[in-house]
Amino acid sequence: MKLGLGKIRDVLKTGSGTGAQERKKEQVEGRNKAEKEEILKVGNEEDKPENEGNEMELKKTGLEAKERPLSPADRTGTEKTGLIFFPAFDWAISPTHPEREERLLYTRDQIFEEGLMDLPEIAEYKPRLAEYRDVARVHFCVPDIKAQATTPHLIAAGSCLVLGDALMKAEVKNAFALVRPPGHHAMTVAHGNRGFCNINNEAILVEYLRKKYGIRRIAIVDTDVHHGDGTQEIFYNDPDVLFISFHQDGRTLYPGSGFISELGGPKALGTTINIPLPPGTPDEGILYVLDSLVLPILEDFKPELVLNSAGQDNHYTDPLANMRFSAQGYAKLNEKLAPDMAVLEGGYAIQSALPYVNTGIILAMAGLDYSCVREPDFKPGMFVQAARDRKVLEETVAAQLENWENRDRLVEAEVTKHGDFYSRRKQIFYDTDMIQELQEERIRMCPDCQGYKTIDSSAHRSTNDSRIFGISVPIYACGNCQAEAREEYRKRLNLPQYEHVYLQDKKQDEYRAYNSRTKQETIY
Amino acid sequence: MLIGIDVGGTTTDAVLIRNGEVCSAAKVSTEPGKLLDSLLEALDAISKDVPPEQLERVVFSTTVITNLIAEGKTDRVALVLIPGPGINPESYSFPDSFYLKGAMDYRGREIQPLDETEIRKTVDLIRESGFARAAIISKFGQRNPSHELEIGEIFREIYPGCKLELGHTVSGKLNFPRRIATAMLASATRERYQEFVEKIRKALEERKIRAPVFILKADGGTLPVEKSIEFPVETIFSGPAASMIGALALTPQGQTSVVVDIGGTTTDLALILSGKPLLASKGAKLGGFLTHVRAFAVRSIAVGGDSVVRVRKTDTGKKLITVGPDRAGPAYSMGGEETTPTDALNVLGLIKVGDPERASEAIKATASCLGKSETETASLIVEKAAQTIADAVNEMFLEWEQEPAYRIWEVLQEKKARPQNVVGIGGGAKGLIDGIAKKLDARPVIPEYAEVGNAIGAAVARPTLTLNLHIDTEQKIYSVAEEGEIVSLSAANLGNFNKIRLEEAETLASKLLRERAENFGISEYAGEAEIVNSEVFNVVNGWYTSGRLFDVDMQIPAGLIPAWKRREKA
Ligand SMILES: [Zn+2]
Ligand SMILES: [Zn+2]
Ligand SMILES: [Zn+2]
């Protein structure tokens, strides 16, 4: 039953109060029960030798063994496209900010008027909140998760998880999370909002699926007009996650990164691929990059899952960028890329582009005829690729294909340059919240795994500064790295210069945050 | 005194209610060719000795028109569609469709003009093909009906005899394919419905009954019969609604119940959540078409009293009982060919119908296949049928909990409910309801007069009314979805409409609802109206707000008239 208005306001009011926490607790308990049932249903697979190995290592480090992951179900013969439409009609960054209530209003009008939700090819799902530990699996949130991941963020991330589960249980053949707020500019450390993003929906999804279903190799193709710098940073040192982003050239657009020289950390060189596009690139150019670079690399990488970080701001009417992509182009892109899952990112031409682009993407993913989807002012052939730009693209594609083919040699050569640790310093700017962050990132150059990562981060705001230290143990880390990382965490707890110290042990699925002012440790 | 009559496909049920209680009830068979006789027979059975002037109200519900749709016996309609950009219209499965150029966008702005030559050609073609009716539906026609109106004008000019149905007058809701289906069915059944209403009038006239006459709508609300001619689709599917309101009238107030209507071939489930009947989130499915017709959520499962019982051998050699999904005539005890749950209930002494010898014979045959005793086998059959129905009930609750949510508060709201009561109606209910209730940990309820619960529902239902107000301050217009007219905002007396607050939009909605209620002759229920949904969006051009969009949805929900004295009648 729907609520009357008075009740709506009450619900919103109690959203942060004890009532919400009570509800949350119930929900978590309910979900745990559901997950146990899932294990009964899906978990009767033969033991994998890999898992036994994990357990041995755990014994060595004195940690108790966790439940084995489930296995993804076989999706052959699955017909439906999973869809969550979560427009967050009651949330905005500010009333006239591009990321505001009605961003998906006209998209709702269009896809509801088309009757897309009634199609037998579409299965609509209900969003849920992501849990704090799902966020902690990816981020160090300053000062805490609650401050960075408010209810709408948790719902957007949670929607991705609902669809991820539907995908892994083979309820759907593919899925589209048509949700806001977006996330691809959010990095490991979250001091505030960057490029309209606080937490990274795709990264939260990837780590959730890897933990829960034991999958390993994942490809993320970022088709937003802005460089997906957050997603790139999170997986920069992870050779199991292939991150490909094409975007308007960083010299002409926020966030000013994403050049072809950004190829990944020493042990993951080549698994970050950036394709800067000249401003004004039309369908033709982007589809060329897809056919000649993205698809061959995916073919070669053989990921268990392909995600489309699906921004819609390449559109020729987008107010924040200068590209010339059309609804037909978007539909064709999704048809060719055939991602297992698409997650909405940017796209702010809320009237002239989004209703048509989203209709096109949904139809393409569902395998339906999208030939009649077009913007009111669109005429075939209205945008032609300049010969000069075409040449730029050909060069970029050639250079990146070469990097891809040589990636093993690149890694080999790079690793010898470093000793036990590789470190780099970074400056990160938070445009929305006006924060200047300085980071020192260190990666353990481990011969047995990708190595654990530490981040020493200072944030400078107009009013106050804060410094934190975070340690991250990758999900497939070796026992030595795990033990060493946990020791690093313990050692940092007594250092007064850090306001917060974080341990992100993805291998153990254990997340700790220590507040040195209150001397309290939170375990997620 | 009140009369309720449900005209079903096989029987016509009637009740007379005096002082808020059932005074007499009757069940007569429906003769499709002689509807008038059936109506008179039903009327006489309950009100023969009642002076007609003592009757205060007569309400009818019916499924006979829906049955015509299912049997394909309705009139042919030419569908004139203006789809604009989007899904390829070739993928629709509507019959007799004619596509035209032209398009509106989501805010009702014309993005492609009509082509008059094309329209004239199409109208000629429709006339030459012998269509006497046409439905004209444009995508986003509810946001701007001018294309539908323009085409209607051309029809009137060159094919004046053609009966027209315009999409925007049928439903103001988003969903073009559903609007097509709804307009098509409205057009296809309009005359059949008028014939039905004529029969009703005639029957009442013959018995000198001058009390106000109402028709039940699919959403469980009553509509004055003269108004109903305008909205035939809303009334052609009122049979299930009558049963639902009947169950509501016969169960404790404010409780959560599942209404289980067990027939021969199928069982229909409906939910009452904290005393409120659950509506289908989008609209009813009629004759295989998804429509905009507001109706209760009903789930049909292929298990009934006459479902065929079989013994199935699993791969591991275990023998299992299956019930349904098919029916092969009546139960064995009633002269049929196959073992059925009805036979099992007979053997267990839970019901007494037909020939007990034959029931026993049927169960014995199944028992020998299964390798169990007769009683054991009968219990297993009943158990299996009850389990199938209980599972479907749980699924229905789960589906309700998992309905999509588009707003934060909707996601935060914990939707969780399980039935307190299992209310059995229909012929097969008696023996099975206890078993189903046990599995759901709920109380079994078989109300008194359960077999005419539908007629009681018709007799005691109150009116319903909806009003969906949409305001666009940038375009300076407002529209009420139910009325299909775009009105200038200056007519609304809202002062400076750049400064309208949500409260003022709600006040306007309430005022329009009161007017609408008055127009329907149900002013006394206007006070029951509630706001279902109310929201406002800024329209931002560049970096400043250039207008606001308001949506206020109100309803007078389904319920019972105050005259009905509800008490535990189980
Ligand atoms: Zn990108
Ligand atoms: Zn973007
Ligand atoms: Zn290691």
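Reckoned from all heavy atoms, side chains included, excluding hydrogens, waters and symmetry mates. Below, read A as the first sequence line, B as the second, and so on, with proteins coming before strands; counting in each chain starts at 1.
Q351(A) touches chain B through backbone and side chain together, each having a heavy atom under 4.5 Å away. Interface remark: D553(B) contributes no atoms to any contact with chain A (heavy atom separation under 4.5 Å). In this structure, the portion of L116(A) lying under 4.5 Å from any heavy atom of chain B is its side chain and not its backbone.
Of all non-hydrogen atoms in P127(A) and V411(B), the two that sit nearest each other are O-CG1, 3.9 Å.
At least one side-chain heavy atom of D105(B) sits less than 4.5 Å from a side-chain heavy atom of Y356(A). Taking the side chain as every heavy atom from C-beta outward, D118(A) and R178(B) approach each other to under 4.5 Å. Contact annotation: the side chain of T151(A) never approaches that of W409(B) to less than 4.5 Å [non-hydrogen atoms, C-beta and beyond]. Between V536(B) and F89(A), every side-chain heavy-atom pair lies at or beyond the 4.5 Å cut-off.
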Self-check item: Candidate pair D369(A) and E90(B), rule side chain to side chain contact (heavy atoms under 4.5 Å, CB included), full reasoning
Solution: CA-CA 9 Å; D369(A) 183 346; E90(B) 301 292 337; over 6 Å; no

Quiz item: Could you walk me through whether R100(A) and F537(B) pass the side chain to side chain contact (heavy atoms under 4.5 Å, CB included) check?
Solution: CA-CA 9 Å; R100(A) 64 179 176 267; F537(B) 295 98; over 6 Å; no

Practice problem: Please lay out, stage by stage, how L119(A) and I87(B) fare under the test side chain to side chain contact (heavy atoms under 4.5 Å, CB included). | Solution: CA-CA 11 Å; L119(A) 293 174; I87(B) 288 188; 4.2 Å; yes

Quiz item: Is there a side chain to side chain contact (heavy atoms under 4.5 Å, CB included) between R107(B) and D109(A) once you walk through the steps?
Solution: CA-CA 9 Å; R107(B) 285 182 69 197; D109(A) 287 357; 5.5 Å; no

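Salt bridge R143(B)/E113(A): absent, no basic N to carboxylate O contact under 4.0 Å.
Between F86(A) and Y406(B), the distance from one ring center to the other does not fall under 6.0 angstrom.
Here the CD1 atom belonging to I155(A) is positioned 10.0 Å from the CD atom belonging to E410(B), to the nearest 0.5 angstrom. Distance CE/M117(A) to CG/L290(B): 14.0 Å, rounded to 0.5 Å. Annotation: the span from L105(A) atom CG to N538(B) atom CG amounts to 11.0 Å, rounded to 0.5 Å. Rounding to the nearest 0.5 angstrom, the gap separating the NZ atom in K139(B) from the CD atom in Q110(A) is 6.0 Å.
Options C372(A), G360(A), A92(A) differ in how many heavy-atom pairs under 4.5 Å they form with chain B, and the most are formed by C372(A).
Side-chain contact annotation: R128(A) with Q402(B), donor-acceptor N/O pair under 3.5 Å absent.
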